[in-house]
There are 2 protein chains.
Amino acid sequence: MSVPQQASEGSRAVKRTIEFIRHHRLQKGDRLPSERELSDRFGVTRSSVREALAVLDALRLTERRPKSGIFLRNALEDSGLDSLVIQANLDLPFDERTMRDVSEARVIFETHAIRLACARRTDADLNRLRELVANYSSRVQAELNVANEDVEFHLAMAAASQNAIIVRTLTPLFLMSFQWRQKYFSSPVIRRRSLADHQEFVATIADRDETRAAALVQKHVHSAFDEVRAMAEGNEQPESHNQ
Amino acid sequence: MSVPQQASEGSRAVKRTIEFIRHHRLQKGDRLPSERELSDRFGVTRSSVREALAVLDALRLTERRPKSGIFLRNALEDSGLDSLVIQANLDLPFDERTMRDVSEARVIFETHAIRLACARRTDADLNRLRELVANYSSRVQAELNVANEDVEFHLAMAAASQNAIIVRTLTPLFLMSFQWRQKYFSSPVIRRRSLADHQEFVATIADRDETRAAALVQKHVHSAFDEVRAMAEGNEQPESHNQ
DNA sequence: CTACCAATCTGGTATGACCAGATTGGTATA
DNA sequence: TATACCAATCTGGTCATACCAGATTGGTAG
């Protein structure tokens, strides 16, 4: 799914810029240092800085005004959803509130997705889900990590809703938590429990049982988040909820 | 809100690249021409191409493998949600299915947002909404367009849900349709009707009346989409649903 | 105190060069 | 003929410079 790959200078510049914004507590509308200053502040070429700024622009975080300067367009917490994935990939931490909101949003969105899936899923969707569960199962049997397979399965359920926008919305919420997912699924017990849930998901979707499916989402997601939260509290210092 | 601003070479390169992918019907995993080839194909510098590719990478549309090539990571319809905004800004058309999904997703997300807003809104939220409606009203009175104010109001309602992720999810769905919104609100009749709805929204949120609020969202959004659809069918050729 | 202008700064873009790993096509070998 | 191997080539990653023209600004003349 997503390979590790060492950070390029461009990515590094994205990270440094975000850190700069955070560190200096820049507010919406504030001006950033010029490209030339950022480039020697970060020790990279202006090209790399410009690449980074193009990304931040795309995420609606910054705005470059020709012949004038670079301005903060949104607070970090209000930029594009896809920035969550980028932040996670750069090992930038999320604040507690974001974590809470992501958790809640995922339950809401996925509940709706699965309701629609129950109502509209095709036989092809069902077959695909069964294939994925079979594969999942064999990996659990083989004591392999199933972090990727879990994402694949949940997105496939979302896809069965026949609404691509919902899938595109859920995707970043999954990808941003990829590193926890990796840890979470390192436990064989959790893998087995998760497999059982997935099998039940398929059953409810097959039966078009919206009510049961919705309830299952709540349980499944909440238990996962609780577990991750517990792991996080046990392992690392507060305020750093990434990786 | 979002100024027109003529496209930079970087933006142009993003557009050209997306068009290239569309035109050649590239599939997930397919390889794109090298940066050097793209740059002289588009008539811009490699720097500009690289800036564009950085953006497409951020949207998870492409993947650059060092010393190897550029590969399509997702179909255009599966890339990051924020790409919708970029596509709209570049006047790239959306297909019918995307339009339908966006419409549905917006109703779903906004319905949930307003339900949460009813349950959790603070007095400050309520005051802000009232301010926005007052401003909206005076603009309607003055026969001014309220495209920006409409987005502002809907996002403020979403913000009253106390969940920033929901706001960040709805934002691109609003921004991608900014140009239609502009046309839509060019009609004084529609502006008045919309104002009445907004006033009712505030009332329901003030009363914490989830049921009425949810029903109102359905009506409000659906009528808007129907209107836009009718306008689109009347004015332009099929398959081009942007601008 | 105000109006105005020139030096300076800023983003946008273009050239060109070098690195090192990935790719590939042809050659020599079994 | 099939295979193993190696060197030329291609590719993304990065750096260094240079120019343009509009925005900004500080100081000067009125």
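What you are looking at is a predicted structure, and each value in this text was computed from that prediction instead of being measured. Chain letters run A, B, ... following the sequence lines, proteins first, then strands; residues in each count from 1.
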Verify whether the ring centers belonging to B/Phe20 and B/Phe42 lie closer than 6.0 Å. no
From the list D/dT14, C/dG11, D/dG12, which nucleotide is the closest neighbour of the side chain of A/Arg64? C/dG11
For D/dC15, does OP1 or OP2 lie under 4.0 Å from any side-chain N or O of A/Ser48? yes
Look at all strands and tell whether [X] reaches a base, only sugar-phosphate, or nothing, counting heavy atoms closer than 4.0 Å.
{"X": "B/Arg31", "answer": "sugar-phosphate"}
{"X": "B/Thr45", "answer": "base"}
{"X": "A/Leu53", "answer": "nothing"}

Tell me: [atom1] of [X] to [atom2] of [N], nearest whole Å?
{"X": "B/Lys67", "N": "D/dA8", "atom1": "NZ", "atom2": "P", "answer": "20 Å"}
{"X": "A/Leu38", "N": "C/dG11", "atom1": "CG", "atom2": "C1'", "answer": "12 Å"}
{"X": "A/Arg65", "N": "C/dT10", "atom1": "CZ", "atom2": "C1'", "answer": "13 Å"}
{"X": "B/Ile70", "N": "C/dA22", "atom1": "CD1", "atom2": "P", "answer": "17 Å"}
{"X": "B/Glu63", "N": "D/dG13", "atom1": "CD", "atom2": "P", "answer": "11 Å"}
{"X": "B/Glu37", "N": "D/dT9", "atom1": "CD", "atom2": "P", "answer": "18 Å"}
{"X": "A/Glu51", "N": "C/dT13", "atom1": "CD", "atom2": "C1'", "answer": "15 Å"}
{"X": "A/Asp40", "N": "D/dT17", "atom1": "CG", "atom2": "P", "answer": "13 Å"}

Using a distance-only criterion (donor-acceptor N/O pair, under 3.5 Å, no hydrogens), is the base of [N] paired with the side chain of [X]?
{"X": "B/Arg36", "N": "D/dG12", "answer": "yes"}
{"X": "B/Arg46", "N": "D/dG13", "answer": "yes"}
{"X": "B/Arg50", "N": "D/dG13", "answer": "no"}

Give the ring-plane orientation class for B/His198 versus B/Phe153, where under 30° counts as parallel, over 60° as perpendicular and anything between as tilted. parallel
Any carboxylate oxygen within less than 4.0 angstrom of a Lys/Arg side-chain nitrogen, looking at B/Arg22 and B/Glu19? no
More 5' along DNA chain C: B/Val44 or B/Ser68, using each one's nearest nucleotide? B/Val44
On the six-membered ring of B/Phe71, is B/Arg65 placed so that its NZ or CZ lies under 6.0 angstrom from the centre and within 45° of the ring axis? yes
Sequence neighbours excluded, every pair satisfying side-chain hydrogen bond (donor to acceptor under 3.5 Å, both in side chains) that has a member inside residues 36-45 of chain B: B/Glu37-B/Arg41
